[in-house]
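Reading through the structure tokens given below for one structure.
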Amino acid sequence: MEKYDPKKIEKKWQKKWQESGLYKDYSREKKLYALDMFPYPSGTGLHVGHPKGYIATDVFARFKMLEGHSVLHPMGWDAFGLPAENYAIEHKIHPESAVRENIQTFKAQLEKFGFTYDWDREINTTDPEYYKWTQWIFLKMFEKGLAYESDEPINWCPSCKTGLALEDLENGLCERCGSQVVQKKMRQWVLKMTDYADRLLEDLDKEGLDWENSIVDQQKNWIGRSEGALIKFQIVPKVEPSEFRRSNLRKERLEVFTTRLDTIFGCTYCVLGPEHKLIEKLKDRIENYTEVEKYIIQAQNKTFLERTDLQKEKTGIELKGIKVINPFNDEKVPLYVADYILGHYGTGAVMAVPAHDERDWKFAKKYKLFIREVIKSLNGKSFIQEEAFTEDGKLINSGKYSGISSKKAREEMAKWLEEKGIGQKKMNYKMRDWVFSRQRYWGEPIPLIFCPECKKRAENFSKVRPFPSSSEALGIPQGQTLKNFSKGELLNPGWIAVQENELPVKLPKVESYKPTGTGESPLANISEWVNTTCPKCGGPARRETNTMPQWAGSSWYYLAYVMRGISNFQFPISKYKEEFKKWLPVNLYVGGAEHATRHLLYARFWHKFLYDIGVVSTKEPFQRLVHVGLINGEDGRKMSKRWKNVINPNDVIEKFGADSIRLYEMFMGPFTQNIAWSTKGVIGMKRFLDKVWKLKSKIKNQKSKIQTKNKKLEILIHQTIKKVADDIQSFRFNTAISALMILVNKMEKESEIPNTSYQILATILSPFAPHLAEELWEKLGHGESIFEEIWPEYDPRLARDEEITLIIQINGKVRDQMKVPAGVKEDEAKKLALSREKVIKYIKDNTIKKTVFVKDRLVNFVI
RNA sequence: GGGCAGGUGGUGGAACGGGAUACACGCAUGGCUUAGGACCAUGUGCCGCAAGGCGUGAGGGUUCAACUCCCUCCCUGCCCACCA
């Protein structure tokens with residue numbers, strides 16, 4: 001007999017499958033959209049870790065095809081952004097050709113696995129026809145007032161020479177290159193993601209998503225909603241009574257945010273972050289301003305790392321001459337500046353309650369400030385001089401609120417604040433708006449044009465009708481423009497949207513695509529591209545030269561695959577709505593956990609926006625999300641060039657075949673877990689496939705269905721059909737394969753196997769080892785592909801054993817076992833058990849106090 | 001410091017509250033062979049000649065019965081981190 005030679009059969013089937021369009025039957029009633037997080041074609045090629053997720057979706061896709069679904073299973077390239085650009089700079093080639101080369105490498109590698117991709121739907125985020133739509137979505141957001149220009153300080157990476165979103169930092173270092181990030185004020189485009197914070201948070205629970213807890217929690221954590229209150233502390237005016245009226249200082253207030261309003265009677269001082277604007281305003285009144293200024297400069301010079309490193313030691317300085325008034329007890333308390341207060345969270349200022357907050361407690365101890373206890377723990381113990389008590393409890397020393405619970409106090413105090421008009425309940429979020437511009441070449445150009453004339457007009461218009469800055473407060477009907485200006489154009493005077501029919505705004509060719517370092521994108525140097533005319537008034541205007549971040553193109557790509565089914569990205573959007581309805585939401589989304597807080601939040605944000613403007617009809621894009629565990633090097637360390645432990649899938653496929661590596665990566669352990677690679681393990685899979693191959697010689701060609709002579713084999717087959725199906729459905733591939741192995745081991749021991757049994761084996765193995773299964777199928781004389789088959793049905797009665805082994809325990813310890821017919825009754829089982837020699841020996845003359853019987857499982861005698 | 005996931009043989013790992021270690025790797029012994037990362041058979045948690053005893057990070061608890069549920073603690077990985 002011929003040997004199993006994966007090299008020979010795999011190429012053959014890969015070619016046939018692609019040519020026959022086997023995967024492109026999209027007409028079936030049942031539909032499934034299986035999606036992988038698409039790769040950055042990075043230049044180093046794939047290592048064996050990358051395809052793990054792709055194999056899983058492929059197994060799932062093939063399984064669903066066998067169950068009669070039309071399956072959409074596409075693949076594409078996320079090719080914009082820093083990795084591609086840095087690679088290009090390093091190798092001194094244009095990013096475009098680098099990307100082209102790398103895609104070729106990646107694609108060649110992927111094709112060897114025999115995936116069910118519909119390559120007709122391949123996408124590439126750097127294709128102008130693709131980013132036309134990335135730009136279009138941005139323009140829609142701009143139009144609705146969700147994009148705004150901002151000069152706020154941003155995180156600047158001096159090495160990558162670009163601004164970074166908070167999400168792009170790792171311990172204060174640039175995630176890409178590890179450089180120290182500095183704060184720099186810069187003009188940026190920012191997307192108002194915080195407008196969607198509540199929906200992004202709540203829909204995680206409300207929309208019935210089938211996501212892993214860990215990822216849901218990470219997102220919730222990142223959004224970081226906390227319920228609290230805003231309180232205005234009046235600043236004590238330092239003026240003579242006669243001047244009081246004239247002074248505008250009397251109106252000066254300090255606004256703080258707290259989640260522990262119930263502790264406010266324990267507020268013995270307040271603290272500002274070094275960035276707080278009030279310091280500058282009160283400059284003249286601060287008696288020790290020189291020292292304060294010194295402290296602030298010091299604090300700002302501290303790098304991100306230093307500020308977090310210095311956790312143990314809290315520093316700060318009092319603003320001498322300034323006091324603020326606690327509205328609840330009219331107490332005048334001192335005001336400090338300290339760098340443990342973050343400028344960007346809440347209002348950048350806190351009321352300090354040292355008795356009930358860890359940080360305030362440490363600070364108060366260090367500077368010997370008064371600590372007043374106002375919350376008593378329910379067990380009454382108090383160690384306020386030893387440590388802060390931060391839990392809820394009962395209020396004391398709190399005027400009329402004394403005696404009530406923390407929870408109730410928060411309610412009532414907030415009500416009081418609102419009545420007095422000096423505060424209110426307020427949600428706060430850790431999540432911030434998305435800094436959306438990058439000062440780099442290799443990204444989508446932001447399709448906006450700056451027109452000085454239109455700026456004047458827009459400003460004049462805004463003067464006539466004062467324009468609120470918050471988009472939700474605008475209340476302008478969707479799509480409507482005022483005096484020809486969209487919401488976005490009025491929010492950002494002078495910035496005019498490129499017309500839809502002018503899209504895409506293509507990236508121009510450029511001499512040097514290296515960052516300029518001045519904070520401007522290299523695009524700024526190309527005057528013939530930058531200088532243009534205003535689409536609104538026709539006057540001279542300039543293009544925006546910033547580009548979009550890498551995350552832009554990946555925030556909607558799952559829609560692009562669907563669009564490719566209809567046309568190659570032509571306008572208008574209405575063309576695609578039906579198709580979106582047909583395929584969305586994505587039924588299965590598989591990818592790395594590292595995207596839990598960035599890509600997945602951005603994509604959900606964009607999807608919700610597209611839902612709001614009527615493009616898609618589901619509130620969430622991804623119905624089921626599974627995260628793939630990493631494959632580490634054989635040494636247990638992360639696979640990387642640095643450790644010389646990288647394994648190229650090509651080499652593995654060359655030696656053992658694609659089916660073996662597919663099988664191995666699914667068998668190595670629980671899918672979501674990180675596990676070290678083992679080439680030995682692949683060998684084991686090759687052995688298994690060899691066995692399956694050789695089993696063919698045992699086929700006894702008989703026509704009848706699973707024949708009854710070999711009842712045990714028949715039962716095992718039915719059990720395996722069920723087990724493999726259940727396990728694939730719940731991503732327990734390792735145990736599915738183990739079940740297949742048990743079946744094969746059993747078949748091996750038989751002298752002959754019915755033809756039908758062998759065909760069932762081939763079918764249920766086919767999602768994992770498609771090439772081998774297809775080859776065997778052909779050899780068995782079938783003209784059609786095995787993937788046109790239907791997943792075999794199992795007989796639920798047969799899937800259960802009819803003879804089972806009943807365990808006999810004495811005092812919970814296993815002492816004996818016996819074979820009995822399934823479904824045996826308690827009395828019968830007891831009688832049988834008690835007649836057994838071993839049982840008699842153990843029981844001797846003890847009395848049986850109790851007997852526990854579990855049907856088809858065990859009988860336990862307690863003596 | 002917070003959140004999440006984990007801790008089971010020499011290794012990767014199985015196990016609806018019911019036989020701990022399925023399946024695979026490795027190893028050992030024997031066989032086979034024109035010698036290969038081949039194949040076949042048997043064995044393989046620990047102690048013990050055996051009967052038997054002990055075993056799922058540690059300690060407690062619930063239960064007839066705990067890897068599984070509850071409490072306390074230790075350790076590892078990932079994510080977040082002065083978040084008011």
Side-chain angles (χ1 to χ4, degrees), chain A residues 3 170-172 212-222 224-226 228 256-261 263 270-271 273 307-314 338-342 344-353 356-360 362-363 390 428-431 593-594 596-597 627 629-630 655-656 663-664 667-670 672-688 690-691 694 732 734-742 744-745 748 805-817 849-863:
Chain A
K3 260 183 77 179
E170 237 169 45
N171 295 323
E212 279 165 63
N213 276 340
S214 63
I215 296 193
V216 171
D217 287 339
Q218 270 183 56
Q219 287 218 357
K220 286 184 179 173
N221 230 306
W222 188 267
R225 181 162 82 178
S226 49
V256 304
F257 173 75
T258 180
T259 56
R260 290 300 304 275
L261 185 55
T263 65
C270 284
V271 196
R307 263 178 90 160
T308 43
D309 258 10
L310 289 169
Q311 272 186 39
K312 321 135 212 168
E313 202 52 13
K314 306 250 174 287
D339 66 5
Y340 78 87
I341 301 305
L342 306 172
H344 65 255
Y345 188 78
T347 59
V350 299
M351 62 171 207
V353 184
H356 306 291
D357 180 276
E358 208 82 44
R359 290 154 308 178
D360 297 342
K362 280 187 188 154
F363 192 80
T390 58
N428 213 319
Y429 303 89
K430 278 198 241 180
M431 188 179 80
E594 70 271 24
T597 48
H627 99 258
L630 295 175
K655 274 188 185 155
F656 308 105
L663 213 50
Y664 173 66
F667 180 69
M668 61 197 303
T672 59
Q673 196 170 300
N674 297 354
I675 299 174
W677 175 264
S678 152
T679 300
K680 287 260 169 64
V682 188
I683 296 174
M685 299 305 113
K686 174 69 169 28
R687 275 181 208 154
F688 168 67
D690 272 326
K691 277 190 211 172
K694 284 187 208 157
R732 291 190 306 249
N734 53 335
T735 48
I737 293 168
S738 133
L740 286 164
M741 286 171 168
I742 291 169
V744 168
N745 289 346
E748 227 190 359
T805 309
L806 200 70
I807 303 305
I808 304 170
Q809 295 181 336
I810 315 271
N811 283 351
K813 288 202 194 275
V814 179
R815 293 305 183 191
D816 199 3
Q817 47 181 273
K849 281 194 233 161
K850 187 175 175 182
T851 311
V852 181
F853 176 76
V854 184
K855 198 177 163 216
D856 290 351
R857 269 291 163 180
L858 60 78
V859 52
N860 183 16
F861 299 107
V862 185
I863 57 173

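Throughout, a chain's letter reflects where its sequence line sits, starting with A, and its residues are numbered from 1. Hydrogens, waters and symmetry mates play no part in the numbers below; they use all other heavy atoms, side chains included.
To the nearest angstrom, P of B/C83 lies 12 Å from CG of A/Asn221. B/C83 atom P lies 8 Å from atom NZ of A/Lys314, rounded to whole Å. In this entry the distance linking CD of A/Gln219 with C1' of B/G3 reads 14 Å, nearest Å. The interatomic distance linking A/Lys220 (NZ) with B/A81 (C1') rounds to 20 Å, in whole Å.
Between the A/Glu358 side chain and the A/Thr390 main chain, no donor and acceptor come within less than 3.5 Å of each other. Although no hydrogens or angles enter the test, the distance criterion places a donor-acceptor pair under 3.5 Å between the side chain of A/Tyr664 and the main chain of A/Ser678.
Side-chain nitrogen and oxygen atoms of A/Asn734 include none within less than 4.0 Å of the OP1 or OP2 phosphate oxygen of B/A22. Residue A/Arg359 has a polar side-chain atom (N or O) positioned under 4.0 Å from OP1 or OP2 of B/C83. The phosphate of B/A24 has neither OP1 nor OP2 within less than 4.0 Å of any side-chain N or O from A/Arg687. Between A/Lys430 and B/C83, a side-chain N or O to OP1/OP2 separation shorter than 4.0 Å is absent.
B/A5 is paired with B/U76 under the Watson-Crick or G-U wobble criterion, all donor-acceptor distances under 3.5 Å. Shown here, B/G17 forms no base pair; nothing in the strands shown gives a Watson-Crick or G-U wobble contact with both key distances under 3.5 Å. For B/C82, there is no paired nucleotide, since no Watson-Crick or G-U wobble pair has both relevant distances below 3.5 Å. The pairing partner recorded for B/C69 is B/G61, the criterion being a Watson-Crick or G-U wobble arrangement whose two distances lie under 3.5 angstrom. Both distances falling under 3.5 Å, in either a Watson-Crick or a G-U wobble arrangement, occur for no nucleotide opposite B/A22. In this structure, B/G43 forms a base pair with B/C27, meeting either the Watson-Crick or the G-U wobble geometry with both donor-acceptor distances under 3.5 Å. In a base pair of the Watson-Crick type (N1 to N3 plus N6-O4 or O6-N4) or a G-U wobble (N1-O2 and O6-N3), with each distance short of 3.5 Å, B/A38 is matched with no nucleotide.
At the heavy-atom level, A/Val854 lies under 4.0 Å from base atoms of the strands shown. Residue-level contact check: A/Val862 touches the backbone only, with heavy atoms under 4.0 Å from sugar-phosphate atoms and none from bases. Residue contacts for A/Gln817: at a heavy-atom cut-off of 4.0 Å it reaches a base atom on one of the strands shown. As judged by a 4.0 angstrom heavy-atom cut-off over every strand, A/Ile675 is placed among residues touching the sugar-phosphate backbone only. As judged by a 4.0 angstrom heavy-atom cut-off over every strand, A/Ser678 is placed among residues making no nucleic acid contact. Residue contacts for A/Gln673: at a heavy-atom cut-off of 4.0 Å it reaches the sugar-phosphate backbone alone, with no base atom in range. Looking at heavy-atom distances under 4.0 Å, A/Lys849 makes no contact with the nucleic acid at all. Within 4.0 Å of A/Ile807, counting heavy atoms only, lies at least one base atom of the nucleic acid. A/Asp690 comes within contact range of no nucleotide atom at all, as no heavy-atom separation falls under 4.0 Å. Note on A/Gly684: only backbone sugar-phosphate atoms sit closer than 4.0 angstrom, heavy atoms only; bases stay farther off. Here A/Asn860 lies in heavy-atom contact (under 4.0 Å) with a base. Among the protein residues, A/Arg225 comes within range of no part of the nucleic acid, since none of its heavy atoms lies under 4.0 Å from any strand.
Using the six-membered ring where Trp is involved, A/Tyr340 and A/Phe363 have ring planes that are tilted, between 30° and 60° apart.
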